[in-house]
Amino acid sequence: MVSGRGEGAGAPCIGVLALQGDFEAHARALREAGAEAVPVRLPAHLDGLAGLVIPGGESSTLLKLAARDGLFEALQGFARTMPVFGTCAGCILLARRVLRPEQESLDVLDATVERNAYGRQIDSAILKIPTVLPGGPLETVYIRAPRIAAIGPGVEVLAKRGGDPVLVRQGRLLAATFHPELSADRRVHRLFLDIAATAATEADRAA
Ligand code: GLN
């Protein structure tokens with residue numbers, strides 16, 4: 001069975017937005033989790049993907065770079081219908097509302113996110129935190145991390161740092177305020193591949 005959504009021929013094909021930031025580490029993590037990973041720099045690169053990772057970096061810079069070639073609109077169109085996993089700056093881009101300062105976003109994840117929300121002393125940290133994912137506590141690496149300040153009713157919290165959600169899921173959207181690609185644990189990337197596989201099966205059924 002061959003499907004146009006990257007499913008069927010073995011490893012799902014997942015795009016990694018490769019404008020700026022640590023996209024190479026995500027591509028490696030996706031391969032380790034069993035996917036094929038390809039860079040996305042232009043709208044046409046989104047064609048046929050089973051999902052997309054928007055990596056960390058600087059969200060305001062990512063927005064500036066995405067303003068070229070109609071990429072922002074293409075990313076928004078993709079994120080409205082397809083599986084997307086945003087980490088750190090990628091989480092900021094997915095959120096419906098961004099604070100400190102307010103900025104534009106793809107406006108798909110029902111959440112309010114504050115940029116650079118942890119004080120200077122603790123803005124970068126490695127913490128082991130509880131998670132509902134099977135397999136026990138999760139190592140989480142934070143680099144000038146945002147804070148998810150509020151979430152809507154359709155958003156499920158998969159892990160928390162203190163009282164703050166740091167890994168959330170809204171259907172086919174997954175967002176982390178930390179950098180799972182910088183830890184050896186591949187549970188979060190595997191979860192995203194499961195989300196992408198389920199979405200591909202549903203798309204096939206609807207076709
Ligand atoms: N501080 C960055 C921002 O506001 C995010 C940091 C990261 O992605 N590691 O966009």
Side-chain angles (χ1 to χ4, degrees), residues 14-30 37 39-41 51-68 71-72 75-76 78-79 83-129 131 138-151 155 157-162 164-170 173-189 191-192:
I14 305 291
V16 184
L17 187 65
L19 298 176
Q20 186 246 4
D22 64 344
F23 52 88
E24 292 288 1
H26 265 297
R28 264 196 307 277
L30 285 165
V40 169
R41 296 191 174 90
L52 175 73
V53 171
I54 305 182
E58 195 60 40
S59 54
S60 50
T61 307
L62 284 168
L63 280 173
K64 265 183 216 139
L65 295 170
R68 292 183 209 151
L71 185 57
F72 181 86
L75 291 171
Q76 194 164 44
F78 192 90
V84 181
F85 177 23
T87 61
C88 206
C91 169
I92 298 170
L93 251 57
L94 290 181
R96 193 145 279 167
R97 183 146 185 247
V98 180
L99 304 176
R100 301 188 9 154
E102 286 197 16
Q103 71 184 17
E104 204 184 356
S105 71
L106 298 174
D107 188 17
V108 286
L109 176 70
D110 191 9
T112 301
V113 174
E114 274 177 32
R115 295 179 63 199
N116 304 315
Y118 297 95
R120 272 218 165 167
Q121 305 299 318
I122 52 160
D123 68 349
S124 299
I126 302 179
L127 304 173
K128 267 218 153 167
I129 59 162
T131 173
L138 187 67
E139 180 185 276
T140 51
V141 178
Y142 302 87
I143 304 169
R144 303 193 67 227
R147 186 171 87 89
I148 297 176
I151 51 172
V155 180
V157 177
L158 305 180
K160 277 186 178 180
R161 169 185 180 170
D164 298 334
V166 294
L167 178 63
V168 297
R169 175 176 179 182
Q170 176 190 307
L173 302 176
L174 185 66
T177 63
F178 58 94
H179 288 259
E181 75 284 6
L182 298 182
S183 295
D185 192 328
R186 288 291 157 256
R187 276 181 288 168
V188 183
H189 285 84
L191 169 63
F192 182 59

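Keep in mind that this is a model prediction, so the values were computed, not measured. All ligand and atom numbering here is 1-based and tracks the order in the structure.
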Exercise for review: Starting from atom 1 (N) of ligand 1, find the nearest protein heavy-atom neighbour and note its residue, name and distance.
Suggested key: Asn116 OD1, 2.6 Å
Exercise for review: Heavy-atom contacts with His179 under 4.0 Å: which atoms of ligand 1 show up? List them by number with element.
Suggested key: 7 (C), 9 (N)
**Study point:** ligand 1 atoms in contact with Ser59 (distance to a heavy atom under 4.0 Å)
**Key:** 3 (C), 4 (O), 10 (O)
Check your understanding: What atoms in ligand 1 come closer than 4.0 Å to a heavy atom of Arg144?
Key -> 1 (N), 2 (C), 5 (C), 6 (C)
Review point. Side chains of Ser59 and Arg115: is there a donor and an acceptor less than 3.5 Å apart?
Key: yes
Point to revise | Numbered atoms and elements of ligand 1 in range of Gly57, under 4.0 angstrom, heavy atoms | key: 2 (C), 5 (C), 6 (C), 7 (C), 8 (O)
Check your understanding: Relative to the heavy atoms of Gly56, which atoms of ligand 1 are at a distance of less than 4.0 Å?
Key -> 8 (O)
Review point. Between Gln103 (side chain) and Val98 (backbone), is there a donor-acceptor pair under 3.5 Å?
Key: no
Review point. Ignoring hydrogens and geometry, is there a side-chain-to-backbone donor-acceptor pair from Thr140 to Leu127 under 3.5 Å?
Key: yes
Review point. Taking the inter-plane angle between the rings of His189 and His26 on a 0 to 90° scale, is it parallel (under 30°), tilted (30 to 60°) or perpendicular (over 60°)?
Key: tilted
Review point. What are the atoms of ligand 1, with element, lying closer than 4.0 Å to any heavy atom of Ile92?
Key: 3 (C), 4 (O), 10 (O)
Revision key, fill the gap. Value for CG (Asp107) from CD (Gln76), rounded to nearest 0.5 Å, stands at 6.5 Å
Study note, to complete from the structure: Rounded to the nearest 0.5 Å, the CG atom of Leu17 sits from the CZ atom of Phe78 at a distance of 11.0 Å
**Study point:** Arg161 NZ/CZ over Phe178 ring centroid, <6.0 Å and within 45° of normal
**Key:** no
Check your understanding: Which atoms of ligand 1 are found less than 4.0 Å from any heavy atom of Cys88?
Key -> 5 (C), 6 (C), 7 (C), 8 (O), 9 (N)
Review point. Should the proximity of Glu58 to ligand 1, defined as any heavy atom under 4.0 Å, be assigned to the side chain, the backbone, both, or neither?
Key: both
